[in-house]
2 protein chains.
Amino acid sequence: MQLQPREVGVLTTLIEDYIQTAVPVGSRTIAKKSNLNLSPASIRNIMADLTEKGYLEQPHTSAGRIPSALGFRFYVDSILQYHPLSSEKRNLMTEHIGDAKLDVPDLLRNASRLLSAFTRQVGMVLAPKASDIGFKHIDFVLLKPCLVMTILVVEGGIVQNKIISADPALNSDDLVKFSNFLNHLFQGRTLAQVRARVVQEMEAAKKQYQTMSGQALALVQQAFATDREREVFVEGTVNFFGHPEFSNPAKLRELLALLEERTRLLELLDQVCKPEGISIFFGREVEQDGFQEYTLISSPYQGQDSPLGVVGVIGPIRMDYAKVVPLVEFTAQVISQLLRNRF
Amino acid sequence: MQLQPREVGVLTTLIEDYIQTAVPVGSRTIAKKSNLNLSPASIRNIMADLTEKGYLEQPHTSAGRIPSALGFRFYVDSILQYHPLSSEKRNLMTEHIGDAKLDVPDLLRNASRLLSAFTRQVGMVLAPKASDIGFKHIDFVLLKPCLVMTILVVEGGIVQNKIISADPALNSDDLVKFSNFLNHLFQGRTLAQVRARVVQEMEAAKKQYQTMSGQALALVQQAFATDREREVFVEGTVNFFGHPEFSNPAKLRELLALLEERTRLLELLDQVCKPEGISIFFGREVEQDGFQEYTLISSPYQGQDSPLGVVGVIGPIRMDYAKVVPLVEFTAQVISQLLRNRF
DNA sequence: TCTGGCACTCGGTCGCACAGAGTGCTAAAC
DNA sequence: GTTTAGCACTCTGTGCGACCGAGTGCCAGA
């Protein structure tokens with residue numbers, strides 16, 4: 001079902017007006033704002049056609065039209081022209097995200113904050129999935145007798161800590177030996193491979209609990225016993241208050257609840273995140289309660305080569321895509337850049 | 001200005017009713033709910049006295065009364081009887097906060113979440129101030145040539161990471177030597193002392209950049225170059241939506257903005273946190289914009305002996321103090337308990 | 001094919017009246 | 001002297017009707 005050029009013109013004008021005003025748009029407004037040189041009456045005919053085809057909706061008989069999800073989809077896929085980012089803005093962002101001295105979580109949180117500040121929407125960054133990343137270093141620190149802290153560093157300088165209990169006979173020197181042994185053993189593998197290797201070695205070393213390697217493996221197995229939930233940094237939820245679509249507190253509440261509940265949020269991101277390039281998802285297109293009316297714009301970032309995580313922006317369907325999309329894209333680039341130096 | 005027993009009775013009934021309903025309370029209601037056996041007319045006289053003395057306020061002529069800040073202050077200081085926590089609840093909380101395997105941030109975040117879930121208010125936990133804690137261990141990992149990750153472990157198993165740049169000539173073996181040297185040097189000091197010591201040693205070693213100790217100090221100095229902001233875990237902001245006092249979105253927005261802006265929040269906590277015992281602060285009693293209408297209930301937690309941080313709950317002045325206060329107190333106890341095992 | 005005109009629809013707002021909750025005061029009862 | 005019943009008064013919230021304005025759909029004519 002192709003749209004005629006005039007229909008596209010009306011749809012574009014309508015959507016862009018609606019993005020600015022959040023109010024149903026009438027034929028008169030479009031007649032004035034578009035450069036089609038048609039009278040309101042003609043516009044009305046075109047609008048009726050667009051409504052029939054599903055691109056527009058009418059809240060009630062005597063209101064103007066608002067774009068439907070289909071309308072927005074058509075707009076972002078076929079019409080939208082992105083504004084390129086000004087170089088001042090690029091500099092400003094690069095500067096603020098990345099003091100390269102930051103550790104990865106701080107860096108990602110910064111990115112999320114900046115994104116939220118610049119777009120006036122809610123910023124979101126999904127942290128790398130640890131198990132896909134290369135092992136770098138493991139270390140044990142004896143906090144007290146029987147209480148050992150394991151510190152696991154993966155490539156890029158991402159650190160995970162865990163506290164485990166240990167044989168009372170172990171002392172600091174033992175721990176140093178263990179870490180030397182394990183660092184050597186795990187060199188150059190991903191965490192997932194390390195995990196597998198641990199299981200395998202444990203099998204082999206089953207009978208030799210007394211040996212150094214047996215003890216070391218028992219210790220490291222504890223460190224790997226449970227998986228950490230993948231982190232998500234969500235910043236700027238206050239921005240929701242700026243938008244008229246959130247004047248209904250119940251809706252706002254539902255969305256905030258979704259964002260606070262990390263497991264549901266991760267589920268949502270899983271559904272939505274394509275491995276490459278910018279993507280724009282409307283809530284109606286995903287199966288997640290309470291997200292029906294919102295949009296997620298996201299772009300993956302990567303280290304040396306493989307994708308690590310995702311940055312994005314969450315807001316109402318009515319969003320200034322032309323401005324927000326390039327910002328999200330650029331943020332992903334900056335993060336990729338910063339991380340690449342570390343991998 | 002002492003209150004007579006009857007006045008106290010009326011005030012108590014009124015506040016407790018108001019805590020439940022959030023609606024101005026009239027004389028008839030009090031006459032029925034209190035056990036003073038007085039008619040509404042008599043209650044009205046007493047209420048007029050209480051209003052004159054500043055314990056009650058009247059939103060408008062024909063409304064009932066609501067407690068003033070002074071009224072609440074009197075209530076929490078002189079009247080309030082805490083409900084002891086049921087042992088099931090104690091068990092439930094202990095169990096959920098503390099899998100002792102968690103690292104400190106996760107543990108504190110958990111505590112904050114639980115507190116928020118049980119009180120239906122917003123939970124808050126202020127993390128320990130690193131500089132007061134004892135040094136435990138420092139470690140360097142070579143991520144790439146010129147790029148070193150420093151891992152600093154302090155007592156209790158709190159970890160701080162930082163990425164710093166290094167002399168290209170350094171290799172992993174050098175880093176091991178450095179950390180051995182420094183771990184020995186800093187043994188048994190607090191971070192603040194370590195900082196001071198680094199400065200002092202740098203002075204002494206000024207001329208000997210070539211020596212191992214000179215290089216090690218140069219490296220560690222970078223690691224200590226900037227201070228980290230003290231962390232605060234705020235959880236359950238969605239709970240604000242449950243309370244009628246937040247039906248005004250502008251107020252809600254202001255409070256959320258305050259909670260998102262960590263520096264302002266830290267300022268507030270600084271004003272409010274007494275070093276010992278539970279404390280209840282009304283917004284009107286502190287100088288922090290946007291906090292006028294809320295209450296912060298807080299209690300410090302400690303490791304082996306000295307106070308480390310604070311746990312608390314933020315909500316409207318109208319709060320079920322009898323229930324919330326013991327919960328906050330108990331959470332602080334559980335955290336103290338868990339941390340004590342590690343210090 | 002486009003446009004001017006016209007009747008119609010529907011939501012938002014304004015004004016008004018009214019009910020309900022609560023007060024303060026007075027006078028009578030205990 | 002204290003307590004209480006009664007009463008007039010005040011103020012808010014709500015429901016209702018009228019009205020205004022924005023916008024539509026359709027028809028007839030350019």
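Quick note: numbers below take in every heavy atom, side chains included, and nothing from hydrogens, waters or symmetry partners. Chain naming here is simple, since letters A, B, ... match the order of the sequence lines and numbering starts at 1 in each. If you're wondering where the values come from, they're calculated on a predicted model, not measured in any experiment.
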Please classify the nucleic acid contact of Ser42(B) as base, sugar-phosphate, or nothing, using heavy-atom distances under 4.0 Å. base
Roughly how far, to the nearest 0.5 Å, is the CD atom of Glu254(A) from the CG atom of Asp289(A)? 7.0 Å
When the ring centroid of Tyr294(A) is compared with that of Phe246(A), is the distance short of 6.0 Å? yes
Rounded to whole Å, the CZ-P distance (Arg65(A) to dA22(D)) equals 18 Å
Got more than 12 heavy atoms from elsewhere within 6.0 Å of CZ, Arg120(A)? no
Leading and trailing nucleotides of DNA chain C with any atom under 4.0 Å from heavy atoms of chain A: dC2(C) to dG11(C)
Glu57(A) CD to dT24(D) P: how many Å, rounded? 15 Å
Taking for each residue the nucleotide of DNA chain D with the nearest heavy atom, is it Thr61(B) or Arg6(B) whose nucleotide lies nearer the 5' end? Arg6(B)
Rounded to whole Å, CG of Asn45(B) lies from C1' of dT3(D) at a distance of 9 Å
Round to a whole Å and report the spacing from CD of Gln58(A) to P of dA22(D). 17 Å
Ring geometry between Phe72(A) and Tyr18(A) (parallel below 30°, tilted from 30 to 60°, perpendicular above 60°): tilted
Just wondering, more than 12 heavy atoms not from Lys33(A) lying within 6.0 Å of its NZ? no
Nearest of dG25(D), dT4(D), dC11(D) to any side-chain atom of His60(B)? dC11(D)
Euclidean distance, atom CZ of residue Arg44(B) to atom P of dT10(D) [Å, nearest integer]: 16 Å
Has Glu329(A) got a side-chain atom pairing as donor or acceptor with Ser299(A)'s backbone, closer than 3.5 angstrom? no
For Asn37(B) and dT3(D), what is the distance between atoms CG and C1' respectively, to the nearest whole Å? 13 Å
Arg65(A) side chain to Gln58(A) backbone, donor-acceptor under 3.5 Å: no
In whole angstroms, how far is the P atom of dC26(D) from the CD atom of Glu52(A)? 10 Å
Toward the 5' end of DNA chain C, by each residue's nearest nucleotide, Ala41(B) or Ser62(B): Ser62(B)
Separation of dG21(D) atom P from Arg28(A) atom CZ, nearest Å, is 13 Å
